[in-house]
Amino acid sequence: MTLARRKLLQLIGLLGVPSVFLLVFFLCPLVIMLIYSGLTPGLYGGVDWVFSHLNYGRILGWADTRYEKFDPVYLAIFLRSLRLAALTVLASLLISYPAAFWISRMRPARRDFAIFLVTLPFFVSLIVRLFAWVLILRPTGFLNQGLMGLGLTSAPVEFLYTDFAVILGMTYVFIPFMFLPLYGSLEKLDMTQIEASADLGASRMQTFRKVVLPATLPGIIGGSIITFIPALGNFIVPSVLGGAKVLMIGNLIEQQFLSARNWPFGSALAMLVMTAVLVLLVVQLRLARREGMS
């Protein structure tokens, strides 16, 4: 057996099990949902095997039949989800970038401990952490009590069940997803380039814009993608911190499958989210390719 053939068999052996796992538990359910999104909802749940394009029309505007009517609220919910996910990415970036820069310049022992602290929330259940935020944000919670105690407000402020609470909760949950790619880029940053920029008379802002930002752009793009994708489809944080007032696309999909039992429409909504994710990944690949060619 030749060396090349032996390496090929080793590669197949290493990648075979993960590939089969992804095929069975990712691609197959995705194909099923794609098929269901083009079928007619059953009278008592499930599907009738009759083709119908009106599930997408109910979202995008061409459904005007008796059973599937266009309602702009679905598109509004999707656009709101995009907005909240984008604001979550921005908030996570503004918090994680300076933190990652500071930690990357620490001594190794302190740096390892700081990274451990960043990932520490993963050791606690997400539901427990979110209900801790409920205790903080509710009208009688710690935040309102502190504001009224300092005399900044005379009455409780409505923090809970607002867009602000959802963005705050998702930022708290997804900060590690943004931090780790940023840290990977900032750790490799050549400090001699920053020193040379300062020696040549560049201001701190010019150094950041011309030296630091281009070098860390892959980490920013990667962290933004990794944060945006789960934030867009998240339904746990809006359910706990947004309540009935802040409905995102993930909550709507959950309702269609579990409450309304309209599987085709829920599948169409899921395909819409997948399409947005794929478009985002294509943009990322083009940006990465352009960055590699420059």
Side-chain angles (χ1 to χ4, degrees), residues 58-59 71-99 118 120-122 124-179 182 220 223-260 265-266 269-270 272-273 276-277 280:
R58 186 176 175 183
I59 308 168
D71 191 336
V73 70
Y74 300 120
L75 194 57
I77 291 172
F78 180 68
L79 294 177
R80 176 197 291 165
S81 301
L82 291 174
R83 176 174 60 85
L84 294 181
L87 290 174
T88 299
V89 170
L90 179 61
S92 301
L93 179 61
L94 292 176
I95 295 172
S96 299
Y97 199 97
V118 171
L120 187 61
F122 286 127
V124 182
S125 170
L126 176 59
I127 298 297
V128 174
R129 288 185 279 149
L130 291 179
F131 274 104
W133 276 109
V134 172
L135 297 178
I136 295 172
L137 299 175
R138 65 182 181 176
T140 58
F142 301 119
L143 182 57
N144 272 306
Q145 292 297 323
L147 292 175
M148 289 189 292
L150 294 172
L152 299 177
T153 61
S154 58
V157 179
E158 283 293 335
F159 291 116
L160 197 59
Y161 307 136
T162 62
D163 288 359
F164 168 77
V166 174
I167 294 171
L168 180 63
M170 290 201 298
T171 301
Y172 165 73
V173 170
F174 294 121
I175 273 181
F177 293 78
M178 176 66 76
F179 173 86
L182 286 175
I220 294 174
S224 299
I225 296 293
I226 295 172
T227 303
F228 182 85
I229 290 174
L232 178 62
N234 193 276
F235 67 92
I236 299 177
V237 176
S239 295
V240 177
L241 299 181
K245 295 182 179 179
V246 183
L247 191 66
M248 291 183 64
I249 192 71
N251 305 103
L252 186 59
I253 294 172
E254 178 197 20
Q255 290 176 6
Q256 294 302 315
F257 276 101
L258 300 182
S259 300
F265 185 54
L269 290 168
L272 185 64
V273 174
V277 169
L280 197 62

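Positions are given from 1, in the same order as the sequence printed here.
- At a threshold of 4.5 Å between non-hydrogen side-chain atoms, the residues F228 and L82 count as touching.
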Exercise for the section: Go through F179 and Y97 one step at a time and tell me if the side chain to side chain contact (heavy atoms under 4.5 Å, CB included) criterion holds. Expected result: CA-CA 7 Å; F179 173 86; Y97 199 97; over 6 Å; no

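- Judged as a salt bridge (charged side-chain N to carboxylate O under 4.0 Å, His left out), not a single pair has a partner in residues 244-259 (not counting sequence neighbours).
- Screening residues 131-162 for ring pair (Phe, Tyr, Trp, His ring centres under 6.0 Å), with sequence neighbours left out, gives W133-Y172, F159-F164.
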Exercise for the section: Please step through side chain to side chain contact (heavy atoms under 4.5 Å, CB included) for the pair M178 and L93, ending with a clear verdict. Expected result: CA-CA 7 Å; M178 176 66 76; L93 179 61; 4.1 Å; yes

Exercise for the section: Give the C-alpha distance, both sets of side-chain angles, the deciding distance and a yes or no for side chain to side chain contact (heavy atoms under 4.5 Å, CB included) between M248 and R83. Expected result: CA-CA 10 Å; M248 291 183 64; R83 176 174 60 85; over 6 Å; no

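- Of the inter-residue distances, the one linking L79 atom CG with L84 atom CG reads 11.0 Å to the nearest 0.5 angstrom.
- For the residue pair N144 and T153, no side-chain donor N or O sits within less than 3.5 Å of a side-chain acceptor on the partner.
- Residues passing the side chain to side chain contact (heavy atoms under 4.5 Å, CB included) test with I95, sequence neighbours excluded: T171, I175.
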Exercise for the section: Applying side chain to side chain contact (heavy atoms under 4.5 Å, CB included), run through F78 and L272 and close with a yes or a no. Expected result: CA-CA 9 Å; F78 180 68; L272 185 64; 3.9 Å; yes

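- Each of I236, N234, L241, V240 was scored for a side chain to side chain contact (heavy atoms under 4.5 Å, CB included) with P238, with one residue passing: N234.
- Taking 4.5 Å as the limit, some side-chain heavy atom of N251 sits within range of a side-chain heavy atom of S239.
- Annotation for V273 and I253: closest pair CG2-CD1, 4.2 Å, computed over non-hydrogen atoms.
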